[in-house]
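The structure under discussion appears below in the form of structure tokens.
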Amino acid sequence: MTEPIVPSRISKKSLSFADYCSLTFSGIICLINIFFVYKVFPFWGIYEPVVGVSFAFTLLFLLAPLILIDLLTIARLRWRVKTRKNQETKKPYKIMVFVLSACTAFVFIGNFHNMSMSYPKNNFNQFFRQREYIVQLVESGKLKGNGNCFQLESQSPTEPISCMEIIELPNAYAGLSRSGKIELLKEANSIKIVFTHSTYGFGDGRATFVYFESEKGQSSLPNSRVTQLRPNWFLAS
């Protein structure tokens with residue numbers, strides 16, 4: 001008597017090796033998105049906007065290919081969701097579609113934030129308190145360069161001085177000024193602290209935020225080409 005053929009006991013509800021590879025690849029793409037934003041557009045902290053040639057390179061050779069890969073991968077995941085009949089095998093793909101879509105949105109948020117921060121007034125308002133803190137550190141002598149302008153003033157209080165020094169910002173505040181450096185100009189009765197900001201403008205694409213304080217009570221810079229942003233703060237472009 002012929003024995004009945006026993007049907008295969010392999011469950012159709014389980015994911016195949018190809019499924020695991022597809023989901024793993026999608027996860028790696030998501031991590032690449034997060035790493036890209038962390039290195040290029042870390043909008044949750046203080047960073048120097050990517051502009052000019054650097055932005056064009058980033059857009060053409062990094063951002064655009066990454067977004068294209070994201071969209072193709074999401075389309076592939078959605079296709080797998082539609083072709084699966086079992087809900088148990090659909091679920092991981094649905095989750096990955098959501099996760100990768102969120103990672104793609106994360107990249108777009110970083111890019112738009114970078115573009116917004118390139119405009120001087122937006123950047124100034126966003127990081128006003130941080131720049132005020134740097135000014136306090138400079139005036140108190142806790143943050144200084146090689147010129148030691150305030151030390152020279154204390155050594156010769158009766159003699160007018162004119163001093164300039166470049167001050168390197170702490171790492172956490174390096175994005176407040178180009179190359180992480182500010183300029184201090186100390187005159188006999190006034191000080192100017194200059195933050196250089198990168199923009200999308202012509203030439204070297206920069207504007208400067210100038211903190212100006214005068215012992216004579218002067219409230220504006222002697223220059224008609226500047227715009228006052230707040231008391232003692234000016235924009236020169």
Side-chain angles (χ1 to χ4, degrees), residues 22-81 93-134 168-182 194-209 227 229-230 233 235-237:
S22 178
L23 293 170
T24 301
F25 175 78
S26 302
I28 292 173
I29 295 299
C30 189
L31 291 176
I32 292 174
N33 278 262
I34 295 173
F35 181 76
F36 173 80
V37 176
Y38 172 76
K39 296 297 291 185
V40 183
F41 308 133
F43 58 87
W44 53 87
I46 303 172
Y47 71 101
E48 186 177 348
V50 181
V51 297
V53 176
S54 297
F55 180 76
F57 177 87
T58 301
L59 180 64
L60 293 176
F61 297 103
L62 295 177
L63 183 60
L66 181 60
I67 294 298
L68 179 60
I69 292 173
D70 286 352
L71 296 178
L72 291 175
T73 305
I74 291 173
R76 177 69 176 177
L77 292 171
R78 290 174 62 87
W79 176 80
R80 285 189 175 271
V81 170
Y93 283 103
K94 288 181 178 179
I95 294 174
M96 188 54 69
V97 167
F98 173 79
V99 171
L100 186 53
S101 298
C103 290
T104 305
F106 190 61
V107 174
F108 276 106
I109 291 172
N111 180 48
F112 288 130
H113 186 271
N114 177 81
M115 296 175 65
S116 175
M117 288 300 99
S118 68
Y119 292 98
K121 290 185 179 180
N122 292 348
N123 190 283
F124 177 80
N125 291 327
Q126 178 74 22
F127 301 121
F128 172 70
R129 291 184 180 180
Q130 291 85 342
R131 288 190 171 93
E132 283 271 276
Y133 175 67
I134 292 298
E168 188 169 349
L169 295 172
N171 291 335
Y173 297 90
L176 294 177
S177 186
R178 183 183 290 184
S179 301
K181 297 178 181 179
I182 59 175
V194 181
F195 296 78
T196 304
H197 172 66
S198 298
T199 71
Y200 287 104
F202 295 100
D204 66 351
R206 71 170 183 173
T208 55
F209 302 122
T227 303
L229 300 173
R230 297 198 184 190
W233 284 97
L235 170 65
S237 55

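- Residues passing the ring pair (Phe, Tyr, Trp, His ring centres under 6.0 Å) test with Tyr133, sequence neighbours excluded: Tyr173.
- Shown here are the side-chain contact (heavy atoms from CB on, under 4.5 Å) partners of Arg76, two or more places apart in sequence or in another chain: Trp79, Arg80.
- At least one side-chain heavy atom of Ser22 sits less than 4.5 Å from a side-chain heavy atom of Tyr93.
- Applying the disulfide bond (SG atoms under 2.5 Å apart) test to pairs two or more places apart or on separate chains, those with a residue in residues 23-74 are Cys30-Cys103.
- Between Pro170 and Ile134, the closest heavy-atom pair is CD-CD1, 4.3 Å.
- Every side-chain contact (heavy atoms from CB on, under 4.5 Å) that Val40 has, sequence neighbours left out, goes to Phe36, Val50, Thr58.
- Atom CD1 of Ile46 is separated from atom CG of Asn171 by 11.5 Å, given to the nearest 0.5 angstrom.
- Remark: Phe35 pairs with no residue by the ring pair (Phe, Tyr, Trp, His ring centres under 6.0 Å) rule, at least two apart or across chains.
- Rounded to the nearest 0.5 Å, atoms CG (Leu68) and CG (Leu63) are 11.0 Å apart.
- Counting heavy atoms from C-beta on, the side chains of Val107 and Asn111 never come closer than 4.5 Å.
- Residues passing the ring pair (Phe, Tyr, Trp, His ring centres under 6.0 Å) test with Phe108: none are found, sequence neighbours excluded.
- Looking at every heavy atom in both residues, Thr199 comes nearest to Pro120 through CG2-CG, 3.8 Å.
- For the atom pair OG1 (Thr227) and CZ (Phe124), the distance works out to 11.5 Å, reported to the nearest 0.5 Å.
- One finds the CD1 atom of Ile182 at 9.0 Å from the CG atom of Leu176 (value rounded to the nearest 0.5 Å).
- Scanning for side chain to side chain donor-acceptor pair (under 3.5 Å) contacts around Thr104 gives Asp70, with sequence neighbours left out.
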- Message: Phe55 vs Asn114, test: side-chain contact (heavy atoms from CB on, under 4.5 Å). Steps then yes/no.
- Response: CA-CA 10 Å; Phe55 180 76; Asn114 177 81; 3.8 Å; yes

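- Ring centers of His197 and Phe209: under 6.0 Å apart, within the cut-off.
- Checked against side-chain contact (heavy atoms from CB on, under 4.5 Å), Ser118 has the following partners two or more places apart in sequence or in another chain: Pro49, Val51, Tyr200.
- Of the residues listed (Leu77, Thr73, Ile29), the one engaging Met96 in a side chain to side chain contact (heavy atoms under 4.5 Å, CB included) is Leu77, and it is the only one.
- Taking both residues in full, the closest heavy atoms of Ser177 and Glu48 are given as O-OE1, 4.0 Å, listed atom of the first, atom of the second, then distance.
- Here the straight-line distance linking atom CG of Leu59 with atom CD1 of Ile67 works out to 10.0 Å at 0.5 Å rounding.
- In this structure, Asn123 and Arg131 have side chains that are in contact, with non-hydrogen atoms separated by less than 4.5 Å.
- With sequence neighbours excluded, the residues forming a ring pair (Phe, Tyr, Trp, His ring centres under 6.0 Å) with Phe195 are Trp233, listed by chain and number.
- Not counting sequence neighbours, the partners of Asn122 by the side-chain contact (heavy atoms from CB on, under 4.5 Å) test are Ser116, Met117, Tyr119.
- Closest approach of Phe106 to Phe43, counting heavy atoms only: CE1-CZ, 3.4 Å.
- Counting all heavy atoms, side chain and backbone alike, Ile74 lies closest to Ser101 at CD1-OG, 3.7 Å.
- Within 6.0 Å of atom CZ in Arg230, more than 12 heavy atoms from other residues, nucleotides or ligands are found, so the atom counts as buried in its surroundings.
- Residue Tyr38 qualifies as open at atom OH: its count of foreign heavy atoms under 6.0 Å is 12 or below.
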